[in-house]
Amino acid sequence: MKVQLAPLDVPLARRLQTASVLFWVFCFLGLAPGSAILFLALLFTRYWLISVLYACWWFSDWETPARGGRRIDVICRLPLWRHMRDYFPIRLIKTADIDPKQNYVLGFHPHGIMVAGAFTSFSSCATGFWELYPGLRPHLLMLPLWFRIPFFRDLLLSGGLISSHKDSARYLLQQPGGGNVLVIAVGGAPEALDAHPGSYTVQLANKKGFVKLAMENGAHLVPVFSFGENEIYDQVQNKRGTWLRSLQECLQRVMGISLPLFHARGVFQYSFGVIPYRRPINTVVGKPIKVEKNLRPTDEELEALHELYTEQLYQLFEDHKEKYGVPKEKHLTII
């Protein structure tokens with residue numbers, strides 16, 4: 001394989017963009033396991049008190065990921081995230097006003113490999129969410145597993161991320177005054193296994209938990225489609241029914257996280273590595289679907305609202321696909 005080296009005269013701005021994305025990738029591929037190893041390793045050194053004191057803090061702070069999190073505004077506004085935004089680039093597109101007196105559940109599609117559009121748009125201030133939607137406070141939901149990693153959990157909390165446990169979601173949606181926004185990657189980890197360039201497949205047909213959550217709490221539903229989310233990485237072919245896909249699905253059921261075999265480019269060369277490609281991501285936020293509070297929705301009521309949401313998502317994709325590079329003959333596949 002011929003290696004395409006990066007030129008030496010790359011402008012400083014582009015180098016900063018690459019460095020910011022490298023940090024983001026490192027957080028999930030290296031910092032998460034590294035934090036756990038560091039915590040344990042310190043116990044066997046003369047710095048053991050650091051881990052002991054942190055363990056005491058961790059115990060007292062255990063419920064924070066399920067009680068609204070702990071966003072730190074300074075962290076969300078770091079120039080780091082603006083450089084990451086400009087690397088792809090990532091844009092947040094508003095299609096309708098959203099009343100800050102209500103609470104909302106935003107369904108984010110597709111998951112992609114590492115939900116780059118969701119993280120940049122709803123956990124950082126880089127794409128202007130707070131300016132586009134004044135009075136709203138977005139919270140990206142993440143698997144509880146990640147909040148059980150010492151040190152790393154605090155980085156997640158500083159960005160406004162919270163646990164995806166049902167009690168965590170209910171807590172925010174039940175807060176008076178409105179303005180709370182839950183951002184849920186509806187397809188979850190299994191959908192990452194379908195994240196191939198040119199693929200427009202979302203797992204939604206049997207995903208009704210987020211709809212029921214919205215109904216029980218009277219939170220309005222908003223579909224979101226992130227054009228380009230599947231384009232930033234290549235993934236080893238893993239069609240359904242192959243041994244690789246079967247193994248990945250088995251591991252996902254056991255571990256709770258999927259393990260897509262992905263690759264893209266490197267830092268100093270463009271031929272291989274885990275740095276994503278520079279391809280645009282356009283995250284389009286649709287119109288709110290009004291939801292009346294219903295503590296005990298029937299199956300028929302749940303099915304009707306789920307069908308309405310599915311139709312709105314499909315129409316959102318159709319209305320905007322050609323603006324963002326999707327061929328006219330391509331359509332959204334919902335499984």
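Computed from a predicted model, the values in this text were never measured in an experiment.
- Side-chain atoms of I162 and L182, non-hydrogen and from C-beta on, do get closer than 4.5 Å to each other.
- Judged purely by distance below 3.5 Å, without hydrogens or angles, the side chains of T283 and S226 pair a donor atom with an acceptor atom.
- Across P288 and I98, no two heavy atoms sit closer than the pair CG-CG1, 3.9 Å.
- Sorted by first and then second residue, the side chain to side chain donor-acceptor pair (under 3.5 Å) pairs involving residues 98-119 (not counting sequence neighbours) are H109-Y309.
- Considering every non-hydrogen atom in both R15 and L8, the closest pair reads NH2-O, 2.8 Å.
- Side chain of S168 to main chain of S164: no donor-acceptor pair is present (N/O by atom type, distance under 3.5 Å, no hydrogens or angles).
- Around the NZ atom of K94, the shell of radius 6.0 Å holds more than 12 heavy atoms that belong to other residues, nucleotides or ligands.
- At a threshold of 4.5 Å between non-hydrogen side-chain atoms, the residues D154 and W57 count as touching.
- Using a distance-only test at 3.5 Å, with no hydrogens or angles considered, no donor-acceptor pair links the side chain of E249 to the main chain of Q252.
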Residues R148, W62; criterion side chain to side chain contact (heavy atoms under 4.5 Å, CB included); working and verdict: CA-CA 9 Å; R148 295 171 188 155; W62 184 263; 4.2 Å; yes
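- Between S20 and M84, the shortest heavy-atom distance links the atoms OG-N, 3.1 Å.
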Side-chain donor-acceptor pairs under 3.5 Å in residues 24-31, sequence neighbours left out?
none

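- With contacts defined as side-chain heavy-atom distances shorter than 4.5 Å, the pair L308/T310 does not qualify.
- Residues forming a salt bridge (Lys or Arg N to Asp or Glu O under 4.0 Å) with E311 (at least two apart in sequence, or on another chain): none.
- When atom types are taken as modelled, the side chain of S121 and the backbone of A118 share no donor-acceptor pair closer than 3.5 angstrom.
- Cluster membership for V254 and W146, using ILVMFWY side-chain heavy atoms within less than 4.5 angstrom, is shared.
- Listed by chain and residue number, Y233 satisfy the ring-ring contact (aromatic ring centres under 6.0 Å, His included) test with F262 (two or more places apart in sequence, or in another chain).
- Using a 4.5 Å cut-off on side-chain heavy atoms (C-beta onward), T333 and V202 make no contact.
- For NZ of K212, the number of neighbouring non-hydrogen atoms (other residues, nucleotides, ligands) closer than 6.0 Å is 12 at most.
- The main-chain N or O of G112 is never found under 3.5 Å from a side-chain atom of E191 such that the two would form a donor-acceptor pair.
- By the 30° and 60° cut-offs, the orientation of the rings of F227 relative to Y324 is tilted.
- Between L49 atom CG and L43 atom CG the span is 10.5 Å, to the nearest 0.5 Å.
- With hydrogens and angles ignored, the 3.5 Å screen pairs no side-chain donor or acceptor of R71 with any backbone N or O of S123.
- Counting only distance, with no hydrogens or angles, the side chain of Q235 and the backbone of P260 share no donor-acceptor pair below 3.5 Å.
- Using a 4.5 Å heavy-atom cutoff, the side chains of P110 and F225 are in contact.
- Residues satisfying the ring-ring contact (aromatic ring centres under 6.0 Å, His included) criterion with F122, sequence neighbours excluded, are F129.
- Grouping the Ile, Leu, Val, Met, Phe, Trp and Tyr side chains by contacts below 4.5 angstrom, directly or via other members, places L155 with V183.
- Under a 3.5 Å cut-off, the side chain of E229 and the backbone N or O of A116 do form a donor-acceptor pair.
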Decide side chain to side chain contact (heavy atoms under 4.5 Å, CB included) for D61 and R153; before the verdict, give the C-alpha distance in whole Å, the side-chain angles of both, and the deciding distance to 0.1 Å. CA-CA 11 Å; D61 195 53; R153 69 186 292 275; 3.0 Å; yes
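- Counting all heavy atoms, side chain and backbone alike, F44 lies closest to L40 at CD1-O, 3.2 Å.
- A heavy-atom distance below 4.5 Å is found between the side chains of I335 and R240.
- Salt bridge annotation for R245-D194: present, with a cationic side-chain nitrogen under 4.0 angstrom from a carboxylate oxygen.
- Screening residues 173-183 for side chain to side chain donor-acceptor pair (under 3.5 Å), with sequence neighbours left out, gives R137-N180, Q174-N217.
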Show me the side-chain donor-acceptor pairs of residues 85-92 shorter than 3.5 Å, one per line, residues at least two apart or across chains.
{"unit_1": "R85", "atom_1": "NH1", "unit_2": "A126", "atom_2": "O", "d": "2.6"}
{"unit_1": "Y87", "atom_1": "OH", "unit_2": "R265", "atom_2": "NH1", "d": "3.4"}
{"unit_1": "Y87", "atom_1": "OH", "unit_2": "P276", "atom_2": "O", "d": "2.4"}
{"unit_1": "R91", "atom_1": "NH1", "unit_2": "N282", "atom_2": "OD1", "d": "3.1"}

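- In this structure, the side chain of S258 does not engage the main chain of A192 through any donor-acceptor pair within 3.5 Å.
- Between the CG atom of L132 and the OG1 atom of T127 there is a distance of 7.5 Å, given to the nearest 0.5 Å.
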In residues 72-81, what donor-acceptor pairs under 3.5 Å come from side-chain atoms, sequence neighbours left out?
{"unit_1": "D73", "atom_1": "OD1", "unit_2": "R77", "atom_2": "NE", "d": "3.2"}
{"unit_1": "D73", "atom_1": "OD2", "unit_2": "R77", "atom_2": "NE", "d": "3.0"}
{"unit_1": "W81", "atom_1": "NE1", "unit_2": "I75", "atom_2": "O", "d": "2.8"}

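- Under the 4.5 Å side-chain criterion, counting only non-hydrogen atoms from C-beta, L316 is not in contact with V224.
- Taking the six-membered ring where the residue is Trp, Y54 and F151 present tilted rings, their angle falling between 30° and 60°.
- The salt bridge (Lys or Arg N to Asp or Glu O under 4.0 Å) test applied to D9 returns no partner, not counting sequence neighbours.
- Here the side chain of Q17 pairs no donor or acceptor atom with the backbone of H83 at under 3.5 angstrom.
- Each ring-ring contact (aromatic ring centres under 6.0 Å, His included) pair with one or both residues in residues 175-201, not counting sequence neighbours, appears once here: Y200-F317.
- Nearest heavy atoms, E322 versus K328: OE2-CG, 3.7 Å.
- The list of side chain to side chain donor-acceptor pair (under 3.5 Å) pairs with a residue in residues 286-296, not counting sequence neighbours, reads N294-E301.
- Of the possible donor and acceptor atoms, one in the side chain of T95 sits under 3.5 Å from a partner among the backbone N and O of V285.
- Annotation: side-chain hydrogen bond (donor to acceptor under 3.5 Å, both in side chains) contacts of R170 (sequence neighbours excluded): D167.
- Shortest non-hydrogen contact noted between D234 and P197 is OD1-CG, 3.4 Å.
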